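Read through the structure below, which is laid out as structure tokens, and then see the notes.
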Amino acid sequence: MPILWFKKKNKSRKDNSCTSNFYFDDSLSFSSITSCGSGRALVGNTKLLEERLKRYEDESGEVNNTLKLTDRVSCLRKNRENEVSKAIINIEDSMNVDLCFVLDCTCSMYEYITAAKEHILKVASYVNRNNSNIKFWIGFCGYRDHSDGRNRLQILNFTSSYKKFKSYITHKVAAMGGGDFPEDVLGGLNAAVTNMTWNNATRILIHIGDAPPHGRRYTTNGSIVYDKFDRYPKGDPNGLTAESILEKMQEKKILYHFGKINDSTDIMLNVFREIIGEFPIFDLETTGGDPALLVNKFFKATCSAIFTSVALTTLKTSKKIYSLQRKKLEINPDEPDWTTLSEKTGELLSYVLPTSLDEIKDECYFINTNFTVKTIPFKLASEPFSVGAERYAYFAIDTSLEQTDKPDKLVIKEYHDVKIGSVELYLESVEISSVASFLSTKFNIAAKRVGIDKKVTFIDVKVLRDKTDSDTYYSVEKYISNAEFKRFNVNSGIITEFHSILEAFAHFTYKYTEGYLVVYDLQGVDLDDEFILTDPAIHCIDVLRFGVTNLGKRGIEKCFLANHKCNDICKKLKLKLK
């Protein structure tokens, strides 16, 4: 039976919204007196509490409806602590990285060989400065072509000595050989996958080349026009195929990245996508002969590959990683023609924000609080423009403003695997956003007192019920136009782009809540006077709050405190770790 929404109106508003006590009604019946987390008795929204407990039980694989509610909570807390312990071990393992460069070493690649040599010490210094918990071993596999005999492949197995890597490329690797248009790309990838010793949890392969493999499949979509430029138009003479190599790469949990130099590899990349899904592609096009600019491109690409791969490796299974890569093929980055889409009617639901630390710490505040409700007409894109580990993101517009030249653009997000009719998970995402918003307001006040004018702001997040389809829920937020979206740090503790204000904000949340929680996983837009952020995560000592990304007290200790270095803003705010 679908969940019905009943509103007990407290106060009418001109904007068609109201403050309401929100209830859910279906065929189930629960007592109005229950316990919330700690066993404390209260009058609560029992349907919402039950749905949250049921979701946590499903996630843990421990469902026992015969137990009393207090016993279920106790059992869940124990299971979550066990899951957190496993997650922390997984995160610590993921910080150990095998990083392999697979590089075309034919004559046209001279400047790229030089850049690969020159950038690695810069990478090591940067990673160590902000993420001293990440340790990486670096290897090299160079390839040329079948006509180059004993020089066709060159391998340096993984080493922790970055100077050894630089010396090897300087003295042992030369740009030479080649011949026809394609190169032995498949031979190089196969050698890297099978002949190198991959030991660490995070495994990264960065492939850089300016030519495709042998075979019409990779050059001309089956045409024979370019046969005269390819000695092996039928494919690799040793019988290697993209499928055999890339599937072996996935079996070994190696994450593939590509450094693109020109358009000649486009067809090859499309073939690869069909096999393993979407993967990162870095722009390494020549920079007009300026070696420093090319080294900087290598540096940024390598750092990005390390940080994103470590974050991906913390996902529970490699299947989840590759499933996400497949999902990325489904996205459409272009905004739709809104005139072709039908209008829907929706109901926006948002929490009344907490006003004190006591309300933040009250695990039942968001179970029992009032909501603000508003009805809106909207249009929703049929395809997502982005996908993350948990949710799809869609373009949308508020059509009540469609008569203006610039209607209010929205981002609507949908969880991958949430059950139809389930609203609790969406409410939890709003709860996280509400806590982060409250703390950012307090931080901005404190920061302004010491002369820091740049603000930290979280986008207001609401739950949207599609009244056209009453069993469908989304989270919804304002779309930020003409700005580059960035990820600044990650829930596991990785700092992907250091900003002293954001790291100080995370520290502030820890001190302001007296060690109760840390707001992290900060991502969004960096403007001149403001960081506009969305989708944070919270580590909290109560592991039955804030979802599976909450790694509890150990998350606070291992994913924040262990890697945080107090900066000038921390000092101005008189923040200390102890």
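From a predicted model like this one, the values you see are computed outputs, not experimental measurements. Computation of the quantities below employed the complete heavy-atom set of this structure, encompassing side-chain atoms and omitting hydrogens, waters and symmetry-equivalent molecules.
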Atom [atom1] of [X] and atom [atom2] of [Y]: how far apart are they, to the nearest 0.5 Å?
{"X": "Asn550", "Y": "Asp542", "atom1": "CG", "atom2": "CG", "answer": "7.5 Å"}
{"X": "Lys413", "Y": "Ser386", "atom1": "NZ", "atom2": "OG", "answer": "8.5 Å"}
{"X": "Arg487", "Y": "Ile495", "atom1": "CZ", "atom2": "CD1", "answer": "13.5 Å"}
{"X": "Ile432", "Y": "Ile538", "atom1": "CD1", "atom2": "CD1", "answer": "5.5 Å"}
{"X": "Asn133", "Y": "Asn128", "atom1": "CG", "atom2": "CG", "answer": "9.5 Å"}
{"X": "Leu464", "Y": "Leu410", "atom1": "CG", "atom2": "CG", "answer": "8.5 Å"}

Looking only at heavy atoms, which two atoms of [X] and [Y] are closest? And how far apart?
{"X": "Tyr516", "Y": "Arg545", "result": "OH-NH1, 2.9 Å"}
{"X": "Gly388", "Y": "His416", "result": "O-CE1, 2.9 Å"}
{"X": "Phe385", "Y": "Ile331", "result": "O-CD1, 3.7 Å"}
{"X": "His257", "Y": "Ser309", "result": "CE1-OG, 3.1 Å"}
{"X": "Phe438", "Y": "Leu357", "result": "CZ-N, 4.1 Å"}
{"X": "Ala381", "Y": "Leu341", "result": "CA-CD1, 4.1 Å"}

Go through Leu517 and Ile541 one step at a time and tell me if the side chain to side chain contact (heavy atoms under 4.5 Å, CB included) criterion holds. CA-CA 6 Å; Leu517 62 79; Ile541 60 175; over 6 Å; no
Within a reach of under 6.0 Å around [atom1] of [X], are more than 12 heavy atoms found that belong to other residues, nucleotides or ligands?
{"X": "Lys565", "atom1": "NZ", "answer": "yes"}
{"X": "Lys344", "atom1": "NZ", "answer": "yes"}
{"X": "Asp337", "atom1": "CG", "answer": "yes"}
{"X": "Lys300", "atom1": "NZ", "answer": "no"}

Electrostatic pair Glu92-Lys558, nearest N-O below 4.0 angstrom: yes
Carboxylate-amine/guanidinium proximity below 4.0 Å for Lys409 and Asp398: no
Would you call the rings of Phe560 and Tyr510 parallel, tilted or perpendicular, taking 30° and 60° as the class edges? tilted
So, do His539 and Tyr520 have ring centers that fall under 6.0 Å from each other? no
Can you check whether Phe458 and Phe505 have ring centres sitting under 6.0 Å from each other? yes
Student check: side-chain heavy atoms of [X] and [Y] closer than 4.5 Å:
{"X": "Val461", "Y": "Val476", "value": "no"}
{"X": "Glu514", "Y": "Lys361", "value": "yes"}
{"X": "Glu503", "Y": "Asn489", "value": "yes"}
{"X": "Cys303", "Y": "Tyr126", "value": "yes"}
{"X": "Phe443", "Y": "Thr509", "value": "no"}
{"X": "Tyr474", "Y": "Tyr415", "value": "no"}
{"X": "Arg554", "Y": "Ser85", "value": "yes"}
{"X": "Thr202", "Y": "Asn96", "value": "no"}

Just by modelled atom types, is the [Y] backbone N or O under 3.5 Å from a matching donor or acceptor in the [X] side chain?
{"X": "Ser475", "Y": "Val463", "value": "no"}
{"X": "His507", "Y": "Lys576", "value": "yes"}
{"X": "Lys467", "Y": "Gly346", "value": "no"}
{"X": "Glu359", "Y": "Thr355", "value": "yes"}
{"X": "Glu347", "Y": "Lys374", "value": "no"}
{"X": "Tyr351", "Y": "Phe366", "value": "yes"}
{"X": "Asp521", "Y": "Pro536", "value": "no"}
{"X": "Asn567", "Y": "Cys570", "value": "yes"}
{"X": "Thr441", "Y": "Ser437", "value": "yes"}
{"X": "Lys135", "Y": "Ser132", "value": "yes"}

From Glu497, Gln523, His499, residue fulfilling side-chain hydrogen bond (donor to acceptor under 3.5 Å, both in side chains) relative to Lys486: Glu497
Of Asp528, Asn444, Asp526, the one forming a side-chain hydrogen bond (donor to acceptor under 3.5 Å, both in side chains) with Lys454 is Asp526
Between Arg391 and Ser429, is a side chain to side chain contact (heavy atoms under 4.5 Å, CB included) present by the stated rule, with each step listed? CA-CA 11 Å; Arg391 292 187 285 184; Ser429 69; 4.1 Å; yes
Verdict with reasoning, Leu575 to Cys566, per side chain to side chain contact (heavy atoms under 4.5 Å, CB included): CA-CA 8 Å; Leu575 300 174; Cys566 284; 5.6 Å; no
Intermediate values then yes/no, side chain to side chain contact (heavy atoms under 4.5 Å, CB included), Phe136 and Val127: CA-CA 9 Å; Phe136 67 93; Val127 171; 4.3 Å; yes
